[in-house]
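To start, the structure itself, in structure tokens.
Atoms within each ligand, like the ligands themselves, are counted from 1 in listed order. The chain is numbered in sequence order, starting from 1.
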Amino acid sequence: MLAACILCGAQYPLAAKPMRYRCTCGGLLEIIQSFGHVEAEKMKDLFHKRLGERHSAAASGVWRYKELIAPDLPENMIVTRNEGNTGLYEAPSVQAFVGIRRLWLKAQSENPSGSFKDNGMTTAVSHGRSLGYTGFACTSTGNTSSSLAMYASTSGDSSLVLLPDHDISINKVLQTTAFGAKVYAFPGSYDDGIKWLEAHAEDLGLYICNSVNPVRIEGQKSIIYEIAQDLNWKLPDWILLPGGALSNAAALGKGLQDLFSLGFITKMPRVAIIQAEGASPFHRMIAQSSCILLPEPCPHTAASALNIGNPPSWRKARWTLDRTNGVTASVSDDEIMEAKACIDRSGIGCEPASAAAVAGLRKLVLAGTIHRDETAVCLLTGHLLKDTDAIRAYHLNNHPLAGSLPLRNEIVHVNLDSDLRSRLSAATGRN
Ligand SMILES: *Cc1c(COP(=O)(O)O)cnc(C)c1O
Ligand SMILES: [Zn+2]
């Protein structure tokens, strides 16, 4: 694999130890793909045929597109859990909530560890193994670590997780622990954790799996490939996604560029990156037409996966906006929780961070940026059970807004007696 610095263009072959994550100038790296001659129609047929695959790496919704993601990676290095292959759903109640003509939800929550991090982690861990690493590390507020722990245990390798000890979801930490990662909680931020890893990982023989790793971004491109394939290579007007570290926004832009330049699609959709108000340095930068990102020193949002003040991939995300005539928005925690309740009630469900995409769509429709007769896909990045505290707070606690939460669904405490019977007959209108 060949990578180039996004600041100065210096190139690095990522084919042997030590793994590089940054250029000597400090810039992040980006994988350069040389697809050679690709016949789009033939390749589409191949991808279509692989949908019937059950027992090889091509059964994965990432490795199905290996030619566009990691063409040189030896097959026997691939660690896969058949990630991807997630549903693209129409949800009429959510569509009515946001008020547009047609909406699909891409349920990345259906990945094996419950978030889209699997799409990139399978490529990162496989690449690390191909370089000879057997120890893998990340710093994470949750989903990255559960995903890493899952793949490392799948391949029989070890994983180490640095856990900033605030604003995390206990479900994700427990999942990481159960999968077998060695977890070190520390007082400090995600940014502190990344800095520490970049300084020490190589000496400790560890391959870093945070989003500074450009190989993860290549795997995450498969999300837009899958959406395109599912929609018969005709993408909607808009793709919306939540933005934290902005790796997924980077991957979306890169994946769209692949599809466009290879002739798989003929029209670029517009991309909207939605941040949580308490952690929205990227949105602020765009809204102020500034060209340098000012980190948010004390990020805070109930959407724990978005709680990042200094997103490493902001330059790549900016490129995605430039390339797709994209926009940004920010949404409050209340708007996020309202959208989440609606997505949960639709039967699909997601964690709070994912709901930011839907909350942002609703806001952009109300503002007139997105027209009611346009079409959109929202990426639902993580599973409903990733954050059970958020569910408890909305449905079961003495929520300060309890009276004005139409979707609140409290548990009713009863005795199994005739009183319950008469209550239920009254409720169902039968007796
Ligand atoms: C990681 C994550 C995000 C944010 O993605 P970035 O690539 O960091 O911007 C959003 N939602 C969920 C559920 C996540 O796990
Ligand atoms: Zn450089």
Side-chain angles (χ1 to χ4, degrees), residues 3-12 20-30 86 106-111 113-121 138-148 168-169 171-172 175-176 190-191 194 209-214 216-217 219-221 223 240-254 271 273-276 279-283 299 301-317 320 328 336 340 343 349-360 378-387 390:
C5 171
I6 61 169
L7 294 184
C8 76
Q11 296 198 346
Y12 299 91
R20 278 206 88 105
Y21 310 92
R22 282 182 198 275
C23 179
T24 46
C25 84
L28 285 185
L29 303 181
E30 180 168 68
T86 58
K106 176 66 169 167
Q108 290 305 105
S109 46
E110 292 171 353
N111 267 298
S113 86
S115 84
F116 82 84
K117 298 299 195 298
D118 295 347
N119 293 67
M121 202 57 74
C138 73
T139 184
S140 162
T141 55
N143 285 331
T144 299
S145 55
S146 348
S147 181
L148 171 57
I168 47 170
S169 144
N171 308 77
K172 300 175 188 177
Q175 188 183 13
T176 303
Y190 169 89
D191 303 333
I194 293 258
C209 292
N210 278 104
S211 59
V212 293
N213 182 323
R216 251 186 65 189
I217 308 264
Q220 287 171 204
K221 294 187 309 187
I223 300 170
L240 297 97
L241 81 173
L246 298 169
S247 79
N248 215 19
L252 177 57
K254 198 163 188 285
V271 168
I273 302 172
I274 316 297
Q275 294 206 290
S280 53
F282 184 70
H283 169 64
T301 163
S304 61
L306 304 183
N307 210 12
I308 291 168
N310 191 12
S313 295
W314 68 268
R315 282 195 170 86
K316 295 182 182 181
T320 296
T328 63
I336 288 175
K340 175 181 150 58
I343 298 160
C350 64
E351 68 169 277
S354 318
V358 170
C378 286
L379 303 191
L380 297 184
T381 45
H383 196 277
L384 174 106
L385 289 175
K386 284 285 193 173
D387 188 345

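The two atoms that bring Ile273 and Gly243 nearest to each other are CG2-CA, 4.0 Å, heavy atoms only. Considering all non-hydrogen atoms of both residues, Ile217 and Ser211 come closest at CD1-O, 4.2 Å. Here the closest heavy-atom approach between residue Ala245 and residue Pro311 is recorded as O-CB, 3.6 Å. The nearest pair of heavy atoms linking Ser147 to Met121 is OG-CB, 3.2 Å. In terms of heavy-atom proximity, Asn171 sits nearest to Asp387 at OD1-CA, 3.6 Å. The two residues Ser115 and Asn143 come nearest to each other via the heavy atoms OG-CB, 3.5 Å.
The shortest separation from a heavy atom of Gly243 to ligand 1 is under 4.0 Å, placing the residue in contact.
With hydrogens left out, the protein atom closest to atom 7 (O) of ligand 1 is Ser247 OG, 2.6 Å, a heavy atom. Atom 1 (C) of ligand 1 has Lys117 NZ, 1.4 Å as its closest protein atom, hydrogens excluded (heavy atom only). Nearest protein heavy-atom neighbour of atom 5 (O) of ligand 1: Phe116 CZ, 3.4 Å. Closest to atom 4 (C) of ligand 1, if we only count protein heavy atoms, is Gly244 N, 3.8 Å. When hydrogens are left out, the protein atom nearest atom 8 (O) of ligand 1 is Ala245 N, 2.8 Å; that is the closest non-hydrogen contact. Atom 12 (C) of ligand 1 has as its closest protein heavy atom Thr381 OG1, 3.2 Å.
Annotation: Ala353 places no N or O atom under 3.5 Å from an N or O atom of ligand 1; distance criterion only. The shortest N or O to N or O distance between Ser115 and ligand 1 is not under 3.5 Å. For the pair Ser354 and ligand 1, the shortest N or O to N or O distance does not fall below 3.5 Å. Residue contacts with ligand 1: Asn248 is placed with a nitrogen or oxygen under 3.5 Å of a nitrogen or oxygen of the ligand (distance criterion only).
The side-chain hydrogen bond (donor to acceptor under 3.5 Å, both in side chains) test with Gln108 singles out one residue from Thr381, Asn248, Asn119, and that residue is Asn119.
The contact set between ligand 1 and Glu351, taken as ligand atoms under 4.0 Å from a residue heavy atom, comprises 13 (C). Taking a cut-off of under 4.0 Å to the non-hydrogen atoms of Gly382, the atoms of ligand 1 that pass are 13 (C).
Residue contacts with ligand 1 for Lys386 are absent, since no atom lies close enough (heavy atoms, distance under 4.0 Å). At a heavy-atom cutoff of 4.0 Å, ligand 1 is contacted by the side chain of Asn143 but not by its backbone. Within the 4.0 Å heavy-atom criterion, neither part of Ile308 lies near ligand 1.
Between the side chains of Thr176 and Ser145, at least one donor N or O lies within less than 3.5 Å of an accepting N or O. Side-chain N/O atoms of Lys254 and Gln220 include no donor and acceptor closer than 3.5 Å.
Between Cys5 atom SG and Cys23 atom SG, the angle centred on the Zn ion (ligand 2) amounts to 110° (nearest 10°). To the nearest 10 degrees, the Zn ion (ligand 2) sees SG of Cys25 and SG of Cys8 at an angle of 120°.
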